[in-house]
Each structure stands twice: as structure tokens, then as C-alpha cells.
Amino acid sequence: MQNTRADTTIIGGGVVGLSIALGLLRAGEKIHVLDGADHDPRASLGNFGLTWLQGKGASYAPYTRRTWQAITAWPDFAATLQDLSGIDVAHHATGGYEFFTDPDELDGMAADLAAQSNTLGPGFSYEVLDNAALKQALPGIGDTVIGATYTPHDGHVNPLRLLSALRKALQNGNGRISNGWVVQDIRRNGDDGFTLTNAKGDVHQTGRVVLCAGLGAAALGERLGFRATVRPQRGELLITEKLETRLPFLSSTLRQVDEGGIQIGGTKSDGGLDDREAIEKMRFLARHAVAVWPALKDVNVVRSWGALRVMTEDGYPVYARAPDGSEAYLVTCHSGVTLAPLHATLLADWINQTSAAPDLEAFSDARF
Amino acid sequence: MAAAATAARGGAQVVLLDEQPRPGGQIYRNITRNKTELTYLGGDYAKGMELATALDHPNISCRYGSTVWRIDDGPRVTFDQNGKSSSITAPHVLIATGAQERPTPFPGWTLPGVMPAGAAQILMKTSDLVPRNAVLAGTGPLLYLIASQMIDADNPPLAIVETQTTAMLLKSARHFPRAMLDRHAIFKGVAMLRKIRRAKVRRYVGASAFHAVSDKGRLSFHFKTQGKSHSVACDLVLTHQGVVPSTNLQRAAGLPMEWNPAQACWQPQKDDEGKTPVQGLWVAGDGAGVHGADAARAEGVIVANAILCRLHGLRPEIAPHVNAHALNHRFRARAIRPFLDAAYAPSPEIFSPPDGTVVCRCEEVTAGQVRQAISSGADGLRQVKAETRAGMGPCQGRMCGLTLTHLLSEQTGIPPDEIPALRARSPVKPVTLGALAELEIEE
Amino acid sequence: MQDSRFIRRVTDKALVSFTLDGETVVAQAGDTVAAALVAHNASPLRHTGLSGAPRTPYCMMGVCFECLVEINGRPNVQSCLIEVQDGMQVRRMHGFRKIEVRHG
């Protein structure tokens, strides 16, 4: 049984929680991260590793703008992380493709990109490639791929090293991280902050709480008066044996990790908290991979994955302050890797309400 | 093999899937082709012949070179043969995947020339290969068996270096009376030890601080006993610290596990007949819990009869009566196990190798890196894996899972049974994207 | 190359020959490819992709994945699970495998 206290407590040690903690730490706060159990859903451990702009917010311009801001901040963020932690997170802004075998879906994405272009202006560039253009750019592409979209702004990063780097940066800056601290109850102490308890009987007092616990935030969020809800959406992945040959492209469904294996993903299923890999999805992913890049046909799948994305009702991030005005904040999103640079900078300003605070009304709780 | 034969004789249609090219598993490896080798491989090995012959039954369809990589509800089994995958659904599926050598990490264990003792047994059984210039190191009767076979082949081991301590022997004494129920095994052990003594093979006990070194291609094995350091120049180091159940397929199929403290390993939860909590899935043999070949054979009969009762619509209570004979065999075959587990308990050093020792062979992750990850905050195997990549390679934790468990337990104080094993997922063995793409799935 | 770490007992089993990196290897019928390579002392069998450490077949039963070779053009095969056949072409793996991509 331990008693601890901190000025600001971040509940959740995934990419969102750690990024926000880093931002607050660098703004001079004394922060303490309470990270959950090893067996919690932990979306950050099942992440595909994309820093992705293409298609984001086509129906919601504020999301496009924030994603753009994050994407352009990524290279500096990666460099900063290397300075603070000594770890290279292997961020590469290679540009990214989406491949299509269905002409309607290609048209849909082209329309999305046009909408993004409208929002972002001339700095944003993209291409829509038909089969002939695609074969020119990527001769190894499969025959059933009728076209693709491409932007030079998309990229990828090693998501596990990102987590390590964030942790290390926090620890190097004397930020505290407690593991296996599953918040069971949270009580507001009038104007005097909050008391958090766990099943082991530990008690933690804090002036301010930032709730970044992904799917684990549901019950706690409710207790603090937030309206936003999250639901799990399963995404499945296949990972292949390591290849020396490098894939000459990055797409949102096919990505070669820096260690050499190819990741194949992109499914969406609703099965509650069931994160088991489904054979139909595995076969779907294999068919997709072989259709896009036939040379992968005799490459071995070494492992599959199922991870639970954290989906808000409309799929866009939530940045909310507690409705009763107390010092409690809720941050939840499914693209925590892409948005990490913002979480590690702007969010601190927003929480501290400094003059540099961004206007995040578009992502508040009030829209639900 | 015993289960297939029993089930077939009882009228069931049986499909037997084995990854190996021939029947026999590991103990009876290559039994169908070793007719002239039976004398030197021993009488126990010869028992396997009868089992393999019984597979030749019209109700049994044997598919060798078939690697099962997934089990779904149904149950439905998906397997790969020659790069093509297919599925079979059956009301009852028996998972009898046997055991593997307990991983024995120590400095230099990844060097050419270091192999598990069981691997040497396989080479002997399939290929008539006898180890040359070998040191046998570790603990367990398998070391005596191999030494004995090497002596018979005029190639005695250079030394037998045992990690067994007096404390272990003392602890095992109380199990000895029960072990005497299997007098045959005891006499066999005594005979092997006598042969080893007569051949004047150097034996060391209470050994520790194992390390293997390769210098310009020459291997040497180093260890300490009674405070003194020793080294032996050799061509082979054959290590052994007992065997543990192979559980990757079982875990991927959703079978809940339980920790076996006497053997420091995971095994599936099951009832006395081998029935698991998952509908239609049964387990038997060393894969369900290590008790040796004779017990495994009896269990095969037991589980097959239990399944037959259900297939024939008999009340499950009838099964133990049908199984009276086999239950008795199993009881006697298991009698020596508590003694063996205690007398030949694994050396604590393999649970806590020095920092520089590779523990994940596939990803080349050292014990030191694992300890570092734990002190940085990883408090479960999932986070250890995410931080270090240990467990991510093609063997999917088969060679490192238990070591990681022990390291985490040592650093955090969490007892091993409270540290869930690494998540096992299909495919439990690699399968090509092409085979997966072409898989037919019954709707 | 030093002598094999194993001695082959005399039997009347048939002989099988295959090639390792183009060089002929004589094995015994019933050998797995890994067993034949160990008997032939093809050591080291491969070098790891990460650090280049030398490795040879280890468990001989399909658990450890140390015995990976290319057999008849198929890379990363667990050679301890495949029986030798006359004329089989075995090649050592060096680091991670490559894939062929067709060009336009």
C-alpha cells in the first residue's frame, strides 16, 4: 500500500499518455504517469506504425488541419526524441500509397483527397494514378490493382521504439512512471484535486488529471462527467519473416518494418473486447498482400495480431475538459502515433491554457 | 499413436496429422525404419514398433509432413502440407504435441557444437550418428542414456558434468518409495550408471558456471565444481535440463494453462481423462504434462476411450471403467516422476543466466537487455517483448518463453504462475501468404 | 574443415546424394536434411541476420528454427523436418531472404 502525490497525473502510459506527459514535463510540470496492467488492451502495442495524412478528415476539416500540423512536425519531433532519449525511432517520410482493386473505392479516395486539398491549400500535394501510371512507378504491382492514390506527406515510424523513446525521455527528465497501476476509483476533492485508488490499496493524490487510458478510460471518464464514449474496433495484422529485399513503397495496408518483416493490415471488425485473430480476416489480408505485390506469394507469415483501436463515436479525437470545470482532461484518439508531435507540444499549452493554447473546440466533448 | 489406434478399433474415423515425415514422435523416432537398429537403441525404444504398426488400420488416415497451424471453434484444424493449407472439422480433436527440451541458456550456448541431448538422440535414431568428443552437461537420466549408448558404440563421452546437487538428491529421497513402483526404470538407471562407472567416464556433480567458448573453431566447455574451475576441449556439448510440454498450439487454440511448479513449466488445464475446458479439444501425453513415454501411451488409450464413449452416446461415467487397465498403467508409469522431478530438478542458473547470455536466439536478445527492460518498467512478458523483441522471431517464444518468465519473476518478485505466458497466435508455425490466400474456409 | 562432430554407424540403409551450395553431399536414406548437414559438418550452417553470429542446427525437431536452408529454391525451410531426396538442391541462407520482383 503506497501513498503518492503529484501535481499532474496522466492516466495511461500508451503513446497518447506518454506524449502528453512529455509535453507537460518540458513545459516545466512535475508529472506522474500511471500505466495499467501488462494484459490490458494496450492499443499502442498493436499499432501499425503509420504517420498518415492521406484521407484524414475528408469530412471534418479541423481533423485534416491538425493531422497536417502533426505530420509536418514529425521530423523535428523525431530528432527531439533522439536528443532526449538516445533512441532513434526510425521515422521516414517516404510518401504513402493507397492501392485499389475497386474503381468506386478509388474514386471515393480521390474525392477525399480533393476535400483535403481544399482544406489545406497548395502545400498539400497528391496524385491519383491509374493502372498504367502505377505500373510505371511500381513495376511489381499486381494486375488486379486498378489504381492508387499517393501523397508525399505520409510516412512511418517504429511504434515500439517510439514508446521506448518516450519512456526514456520521461525518465531522463525525472518524470515518474508507475507500472501496473490500474486506477479503480477516482474522487474529486472539491477544488483540491483528485484522489485515485487501485485494487492494491495504493492511494494517489493529484491536483490535475489527464485521462489517456484508451479503452480503459470508459468507466473513469463517465465518473468525471465526460460525455465522450469509446468503443473497441479490432484491427488485424499479419507479419512476415524478415526480408533483405526492401519494398519500394509504403502503403497504409502494407508496410515493411525497419527490421525487415512486412506488416499487412487494415481490417476493421466489431467484436467487443475480443482481440483474437479471425481466419477470414487473415485470409483477406493474405489475398490483399498477394494481389498488391505478387512477389510476396511464397513469403512466410510468422505471426498474426489483433489489436483494439480506440474509436470515438465519430472517429475523430476528443480533447475535452471536464464539464464541471475541474482540472480533469480527457484525450482519446485512434491515431496516437500520427498525432504524437502535437500531443508532446500543443497539448501542454492547451491544458495549461497559455497564450499559445490551440483552439481545440472542434474536438470537445460537447459535440456528443 | 496409441490414441489413434484405440479410437480406430473402437469404430471412430481418425485423421492423424504429424509435422514429421514419419510416425514415432521423438521417443520412437524413425521406429518404422530401424528394424536392424533395435538392439542397440534399447528395449524401451522397441516398444514403439507395435504402436506404429497399429496405425495401419482402415479407420486411420495418416498425413505426415502436415503442420497444424491453427485450431478454431468447431473444432476445426487448419494445417499445411507442402505449401498448401486445408482444414478439417471434427467433433473431437486430440492435441498430442509432446514435449521439447527445456531451453538451457548459458554463455556460449548458441555456438556451433552446442546442442540439446535430445537432438543427439534424434540423430542417433534417424541417422545412426553417434556423438564424438562430446561433453554431456546438465541433469537428467537422458544424459546417462546417451552416455551409455556412446559407450556401447566405443565412443564414450569425454565427461559427464551434472548440475545435480546433494540438496536435490536429499529432497528426492521421500519420493523414492513411490518411484520403486516402476522398478524397471530404476534398474535401468542403475545399470546405466554402472556401465558409466565401468567405462571410467569422468563424472562431475554439483557443477555450475557453465560456459562454452569457441577459439579458432575449437570448442571448449568450462564449468565449476566444488570451487574449482575445469575446462574440457571437445567437439560437442550436449546439454539437458529435462523436457517441458510444447504448448504453442494449445495456447493459440485458447486452452487455459496452469503452472507446474515441480517442473517449472506451463501445461494445459485438463481433467483426468484429458478433456480441456474448450469444447471438443482434448490433450494427452507429454504435451499435456511430462510423465514419460509409458504414461503417454496409457493416456492415449484413456483419452481415446473417453472420446469413444461420447461418440457412441455412452454416459461419460462409463469411460473410467473402460479405462481401468490404462488408468492402472498410467498410475504405475507416473510413479517415478516426482522422484525424477526432484532429483533432476533444473539448475537455477539456467533461470538466471549472466547478462551477456543470449536468451532469445532468434532475435539475439541478451539476459541483460531483458533485465534492463524490466528495470525500465516492463512488468509483464508482453511489455518485455515489446521493449526487447524477445519472442518475436520465427520460433515464437519456444526457446525463450520460459527463460523470460523466470527473469521477470526474479526481477519483480512476481511468482512464475502469476506471469501469463507470451500470447501465442496462429499461425503457430510459418505459412506462406499464398497458402493462406488460397485456404478454403467452410462457411 | 574439421571432422564431423558425429560418427556414422555402419548400417545397410541406402545412400542418397544431394548438393549443398553446388557441392555433392552423400547422406543416408531416412536422414533429415539437417541431420545430413550435421553429419557432413556443414558448420556453420548460417549466420544470423542481425549480428552475423554463426549457427548450426540445434534441436533437430522443428522447435528452434536454427536449421533454416533453401531447398529446391524454397528459402527458410526447417531442414530438420524434410527427408533427403536424391538430387535435392540445398543452399545455405545468408542473412535474411530476398524476393524476386518482376520488372516492367
Side-chain angles (χ1 to χ4, degrees), chain A residues 13 33 35-40 42 44-47 159-161 163-164 167-168 170-171 176-181 236-242 257 259 261-262 264 275-280 282-291 293-306, chain B residues 69-74 76 78 80 83 85 87 252-254 362-363 372-389 391-397 408 412 414 418-420 422-443:
Chain A
V33 177
D35 193 19
D38 189 67
H39 55 261
D40 283 337
R42 306 196 81 99
S44 294
L45 291 186
N47 191 280
L160 296 179
R161 278 213 240 129
L163 287 175
S164 298
R167 285 189 140 258
K168 199 85 202 290
L170 283 170
Q171 284 160 344
R176 292 191 63 188
I177 307 177
S178 295
N179 297 284
W181 218 109
E236 295 180 50
L237 289 109
L238 300 177
I239 184 121
T240 71
E241 57 197 349
K242 294 178 187 181
V257 304
E259 290 93 359
I262 313 268
I264 307 157
D275 69 346
R276 289 178 303 168
E277 72 285 2
I279 187 71
E280 298 84 0
M282 289 168 69
R283 182 179 66 175
F284 171 83
L285 290 174
R287 286 179 171 172
H288 173 75
V290 171
W293 204 251
L296 294 177
K297 190 156 192 258
D298 70 340
V299 171
N300 282 311
V301 174
V302 162
R303 168 94 178 171
S304 68
W305 248 327
Chain B
W69 55 266
R70 181 184 170 93
I71 301 183
D72 276 285
D73 292 339
R76 183 177 71 215
T78 305
D80 194 275
S85 281
S87 299
C362 296
E363 294 284 329
Q372 171 87 287
I374 297 167
S375 58
S376 294
D379 64 351
L381 292 190
R382 208 168 154 208
Q383 289 171 79
V384 168
K385 179 173 160 185
E387 182 69 27
T388 64
R389 291 191 60 87
M392 290 192 188
C395 96
Q396 291 292 296
L408 189 64
T412 61
I414 306 172
E418 287 173 31
I419 300 174
L422 283 170
R423 183 83 176 265
R425 290 204 188 247
S426 72
V428 302
K429 277 289 189 91
V431 63
T432 64
L433 284 166
L436 182 48
E438 283 159 34
L439 180 67
E440 280 172 28
I441 303 171
E442 298 158 15
E443 298 310 318

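Chain naming here is simple, since letters A, B, ... match the order of the sequence lines and numbering starts at 1 in each.
In this structure, A/Lys168 does not pair ionically with B/Glu387, as no charged nitrogen and carboxylate oxygen lie closer than 4.0 Å. With respect to the salt-bridge test (charged N to carboxylate O, under 4.0 angstrom), the residues B/Glu363 and A/Lys242 qualify. With respect to A/Arg276 and B/Asp72, no salt bridge is recorded, no charged nitrogen being found less than 4.0 Å from a carboxylate O.
Proximity of a side-chain donor or acceptor of B/Arg425 to a complementary backbone N or O of A/Gly306 within less than 3.5 Å is detected. Judged by distance alone, with hydrogens and angles left aside, the side-chain atoms of A/Asp38 form a donor-acceptor pair with the main-chain N or O of B/Arg382 at under 3.5 Å. When atom types are taken as modelled, the side chain of B/Gln396 and the backbone of A/Arg303 share no donor-acceptor pair closer than 3.5 angstrom.
Of the listed residues (B/Gly254, B/Gly377, B/Gly83, B/Ala378), the one with the most heavy-atom contacts under 4.5 Å to chain A is B/Gly377. Among B/Gly380, B/Ala437, B/Ala424, B/Ala373, the residue with the largest count of heavy-atom pairs under 4.5 Å with chain A is B/Ala437. When each of B/Gly393, B/Pro427, B/Gly434 is checked for heavy-atom pairs under 4.5 Å with chain A, B/Pro427 comes out on top. Comparing B/Ser87, B/Pro430, B/Ala386, B/Ser426 by heavy-atom pairs within less than 4.5 Å of chain A, the highest count is held by B/Ser426. Chain B forms the most heavy-atom pairs under 4.5 Å with one residue out of A/Asp275, A/Leu163, A/Leu45, and that residue is A/Asp275.
Side-chain contact check for A/Gln171 and B/Ser376: no donor-acceptor pair (N or O, by modelled atom type) lies under 3.5 Å.
Within the 4.5 Å cutoff, the side chain of A/Ile262 has no heavy atoms near those of the B/Leu433 side chain. A/Met282 has its side chain out of reach of B/Thr78: every pair of non-hydrogen atoms, C-beta onward, lies at least 4.5 Å apart.
Proximity to chain B is absent for every atom of A/Ile239, based on heavy atoms less than 4.5 angstrom apart. With a 4.5 angstrom heavy-atom cutoff, A/Thr240 touches chain B only via side-chain atoms. With a 4.5 angstrom heavy-atom cutoff, A/Ala291 does not touch chain B via any of its atoms. Residue contact with chain B, scored on non-hydrogen atoms closer than 4.5 Å, involves the side chain of A/Ile264 exclusively. With a 4.5 Å cut-off on non-hydrogen atoms, A/Val290 touches chain B through its side chain but not through its backbone.
Within 6.0 Å of atom CZ in A/Arg176, 12 or fewer heavy atoms from other residues, nucleotides or ligands are found, so the atom counts as exposed in its surroundings. Around the CD atom of A/Glu259, the shell of radius 6.0 Å holds more than 12 heavy atoms that belong to other residues, nucleotides or ligands.
Considering CG of B/Asp379 and CG of A/Asn179, their distance stands at 5.0 Å, rounded to 0.5 Å. Atom-to-atom distance recorded for A/Ile279:CD1 and B/Leu436:CG is 5.5 Å, nearest 0.5 angstrom. Distance check: B/Arg423 CZ to A/His39 NE2 gives 12.5 Å after rounding to the nearest 0.5 Å. A distance of 11.0 Å separates CG of A/Asn300 from NZ of B/Lys429, quoted to the nearest 0.5 Å.
Residues meeting the side-chain contact (heavy atoms from CB on, under 4.5 Å) test with B/Cys362, sequence neighbours left out: B/Cys360, B/Pro394, B/Cys395. Contacts of B/Asp80 classified as side-chain contact (heavy atoms from CB on, under 4.5 Å), with partners at least two apart in sequence or in another chain: B/Trp69, B/Ser85, B/Val431, B/Ala435.
When every heavy atom of A/Arg287 is checked against every heavy atom of B/Leu439, the shortest pair comes out as NH2-O, 4.1 Å.
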